[in-house]
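Note sheet for the following structure.
In what follows, chains are A, B, ... by sequence order, proteins preceding strands, each numbered from 1.
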Amino acid sequence: MTDELHHSTEEELRQHRIAKLERIRARGDEPFKYTFARTHAIAEARASFEKAETAATPDAPAETAAALAGRLVSRRGQGKSTFADLRDETGKIQVFFGQRQVGEEAYTALKDVDIGDFIGAHGMVRRTRAGEITLFADRYEILTKSLRALPEKYHGLTDVETRYRQRYLDLVANPETLDRFRARARVIDLMRRWLADRGFLEVETPMLHPIPGGATARPFITHHNTYDTDLYLRIAPELYLKRLIVGGFEKVFEINRCFRNEGVDTRHNPEFTMMELYEAYQDYLGLMDETEELLVHIIENVAGGAAFTYQGETIDAARPWKRMTLFEAIREHAGIDLEATRERDGAGRLAQSAGVEVAPEMGYGAIVDEVMAAKVRPQLVQPTFLYDYPIELSPLAKKKRGNPALTERFQPFVARLEIGNAFSELNDPMDQRERFVEQVRLREAGDDEAQYLDEDYITALEVGMPPTAGLGIGIDRLTMLLTDSASIREVILFPQLRPLK
RNA sequence: GGGCGGGUAGCUCAGGUGGUAGAGCAUCGGACUUUUAAUCCGGUGGCCGCGGGUUCGAGUCCCGCCCCGCUCACCA
């Protein structure tokens with residue numbers, strides 16, 4: 001069926017606007033201009049006017065000359081005068097168009113200006129009788145004609161699917177969306193500066209990996225034509241960053257995308273942003289202090305203090321954060337002692353006694369992980385570090401001093417969200433090889449998330465990596481916390497949705 | 001993949017028990033030189049997610065499918 005037969009309203013609205021565009025062209029104007037010389041951003045114009053007002057008198061009221069540009073977001077016409085709201089990235093200002101002031105011809109041409117168009121206007125900023133700071137236009141020009149209707153002015157755009165699929169509409173219609181992504185940028189900026197101030201070097205390592213590594217996850221596979229070889233979108237930058245420590249850099253970090261071919265939900269997007277840092281001559285306990293410092297620094301600067309609200313709960317991130325070992329946390333919240341037994345079936349029975357389902361294929365590590373996810377994590381509302389994880393769960397982490405069943409690993413949790421992962425890095429190449437071999441065994445037994453053996457990485461460790469601690473922080477989740485977002489899609493500009501056919 | 005909820009005009013939403021699809025905003029025409037969710041008068045606009053079925057008759061009931069959200073499972 002054709003559009004003509006459908007007679008869609010949307011298409012009619014568009015045709016009206018195209019007719020206006022043609023009228024604009026017909027009178028020799030260009031509806032898609034190249035530049036406009038603004039004198040102020042809108043917020044600057046308001047500030048400058050308010051400053052002028054402090055020196056004004058009743059006989060000489062304040063006024064400021066300005067040329068402003070932005071998107072027209074509403075209009076109130078009354079015959080020979082029209083009020084409109086003009087918005088740019090910094091703010092909004094009312095513009096007054098009077099027939100006498102702009103001239104009859106230009107006033108009539110306002111009929112061809114729609115909500116959504118970009119315009120530039122010159123005039124004086126004054127207050128109206130109602131007290132509204134207003135640009136009284138003496139001339140204006142159409143900068144860009146918009147051919148589509150904007151979402152409704154009062155309710156905005158609420159349909160989540162449209163908000164995600166057409167984020168530009170969400171950004172136009174919902175100022176809080178702009179704010180949320182400004183907060184995200186601020187989180188990243190604060191993190192980058194904090195790291196740079198402490199001598200960390202920002203580096204870029206490959207996104208295309210011949211062997212996916214550095215995490216336990218299924219990768220996306222792609223193909224390189226010239227080399228006729230499959231490559232994997234990275235699941236983590238970890239192994240490359242540690243190669244840099246081998247090479248002689250002592251403090252490096254990377255902030256960029258990782259890709260995991262797994263489920264999508266409120267906490268997972270197939271591509272997400274991670275910060276990973278590695279610091280030579282540091283261990284996990286020292287890094288725990290630094291992590292706390294970094295996170296509190298970001299929280300204080302984004303939330304305006306150590307305390308903030310997430311989904312109705314008050315989170316107090318004031319230092320020091322609570323610290324407990326994973327097994328202590330399990331004892332406290334699940335009421336069982338999984339540390340007492342290292343034996344798989346015994347651990348399984350204990351887990352089941354605590355009400356956690358245990359599948360037959362789960363090993364000791366998986367059981368501990370499951371109990372943590374089911375019984376411990378839901379209790380970790382206030383910022384908490386869990387540390388000392390079983391070796392089965394952490395193939396890249398160094399064995400704990402004095403207890404080879406554990407690794408020197410920690411994870412920060414805030415508001416039930418796991419926002420990072422860190423450890424004393426395993427730098428013993430022979431131990432690392434054994435761990436990889438175990439992963440390969442798991443893989444061959446059918447665990448498609450087990451890690452691959454990366455010979456070159458082992459070679460690098462044989463060259464020698466100094467004692468090193470490493471940390472990963474999920475930028476998206478940290479941003480969720482600080483923007484009170486229930487879903488990761490709210491903090492990713494273009495979240496992955498099923499493509500429309 | 002399972003469970004629950006949703007999909008009606010461009011946007012935001014109504015549409016007891018089946019009986020000619022509604023409102024506000026936007027849009028179009030008209031009035032109006034101080035409005036600011038402007039106001040007043042008049043109009044246009046609908047594959048009611050898609051496909052079957054039941055029925056004299058389906059937005060409404062039944063079946064299947066698609067898309068979205070939440071949730072469980074897996075994962076960060």
Side-chain angles (χ1 to χ4, degrees), chain A residues 1 5-17 19-20 73-85 92-102 107 111 114-116 126-134 136 147-166 169 172-174 214-218 235-236 258-274 357 359 362 366 369-370 373-374 377 411 413 417-421 447-449 472-478 480 486-489 495 497-501:
Chain A
M1 249 190 259
L5 288 170
H6 269 255
H7 218 63
S8 94
T9 307
E10 189 175 16
E11 183 56 20
E12 278 175 7
L13 293 174
R14 187 165 165 270
Q15 288 304 328
H16 279 133
R17 291 191 174 208
K20 290 172 180 174
V73 290
S74 66
R75 64 189 292 176
R76 299 169 289 282
Q78 1 231 311
K80 291 176 180 138
S81 73
T82 296
F83 290 89
D85 292 321
K92 202 155 82 166
I93 193 168
Q94 177 167 266
V95 183
F96 174 82
F97 301 93
Q99 188 189 56
R100 198 176 61 241
Q101 292 82 350
V102 298
Y107 192 80
K111 279 187 182 169
D114 287 298
I115 289 171
R126 299 190 196 101
R127 264 187 210 276
T128 61
R129 286 208 286 271
E132 178 85 19
I133 296 175
T134 299
F136 287 79
L147 299 183
R148 303 264 184 174
L150 255 36
E152 198 227 12
K153 63 182 172 187
Y154 189 61
H155 298 93
L157 178 69
T158 64
D159 182 84
V160 289
E161 187 172 356
T162 308
R163 288 185 49 237
Y164 297 156
R165 286 196 195 275
Q166 294 177 275
L169 291 178
V172 169
N174 300 316
T216 304
R218 277 191 294 269
I235 55 177
C258 295
F259 306 85
R260 298 188 186 174
N261 201 345
E262 312 211 350
V264 177
D265 62 29
T266 49
R267 295 188 303 281
H268 303 263
N269 192 66
E271 51 182 307
F272 63 102
T273 300
M274 188 143 71
E357 281 190 45
M362 286 165 77
D369 200 34
E370 183 61 27
R377 207 181 64 192
Q411 293 195 289
F413 291 84
L417 280 174
E418 177 187 329
I419 57 174
N421 188 22
D447 181 353
D448 56 1
E449 288 179 353
I473 297 283
I475 298 290
D476 312 276
R477 290 185 178 177
L478 182 56
M480 284 171 68
S487 169
I488 198 168
R489 295 185 195 95
L497 298 185
R498 191 179 296 276
L500 294 174
K501 285 199 288 282

N or O in side chain of [X] less than 4.0 angstrom from [N] OP1/OP2:
X	N	answer
T162(A)	C11(B)	no
T158(A)	C13(B)	yes
K20(A)	U27(B)	no
R489(A)	C70(B)	yes
K153(A)	C11(B)	no
R498(A)	C67(B)	yes

Regarding [X], tell me which of base, sugar-phosphate or nothing describes its non-hydrogen contacts under 4.0 Å with the strands shown.
X	result
E449(A)	sugar-phosphate
E262(A)	sugar-phosphate
N269(A)	base
L497(A)	sugar-phosphate
F136(A)	base
R100(A)	base
R218(A)	nothing
S74(A)	nothing
Q15(A)	nothing

Selection from [options] that lies nearest to any side-chain heavy atom of [X]:
X	options	answer
R76(A)	U33(B), C74(B), U36(B)	U36(B)
D265(A)	C74(B), C28(B), C67(B)	C74(B)
E152(A)	G69(B), C25(B), A76(B)	C25(B)
R165(A)	A26(B), C68(B), U35(B)	C68(B)
D159(A)	C28(B), U12(B), U44(B)	U12(B)
I488(A)	G69(B), A76(B), A26(B)	A76(B)
A130(A)	U35(B), U33(B), C28(B)	U35(B)
Q78(A)	U12(B), U36(B), A38(B)	A38(B)
S487(A)	C70(B), U36(B), A37(B)	C70(B)
L157(A)	U35(B), A76(B), U12(B)	U12(B)

Nucleotide opposite G5(B) in a Watson-Crick or G-U pair, distances under 3.5 Å: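 When the pairing criteria are applied, C68(B) turns out to be the nucleotide that pairs with G5(B).
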Need the pair for C32(B). Rule: Watson-Crick or G-U wobble, both distances under 3.5 Å, any strand; none if unpaired.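 Here C32(B) is not engaged in any pair, so there is no nucleotide opposite it.
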Figure out the [atom1]/[atom2] separation between [X] and [N], and round it to whole Å.
X	N	atom1	atom2	value
L13(A)	A26(B)	CG	P	12 Å
E12(A)	A9(B)	CD	P	15 Å
R267(A)	U71(B)	CZ	C1'	10 Å
I93(A)	U35(B)	CD1	P	18 Å

Using the aromatic ring of Y154(A) (for Trp, its six-membered ring), decide whether it stacks on the base of G24(B) within the limits of 5.5 Å and 30°. no
With heavy-atom distances below 4.5 Å as the criterion, would you say the side chains of F272(A) and R260(A) are in contact? yes
Hey, are the side chains of R267(A) and I488(A) touching, using non-hydrogen atoms and a 4.5 Å cut-off?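 Answer no - side chains too far apart.
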Once salt bridge (charged side-chain N to carboxylate O under 4.0 Å, His left out) is applied, what residue pairs with a partner in residues 151-161 of chain A remain, sequence neighbours excluded? E161(A)-R165(A)
What is the minimum heavy-atom distance between Y107(A) and T82(A), and which atoms define it?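 Between these two residues, the closest heavy atoms are OH-OG1, 2.7 Å.
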First encountered from the 5' end of RNA chain B, between D85(A) and G156(A):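 So the residue in question is G156(A).
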Going by modelled atom types, is there a donor-acceptor pair between the base of U34(B) and the side chain of T134(A) at under 3.5 Å? no
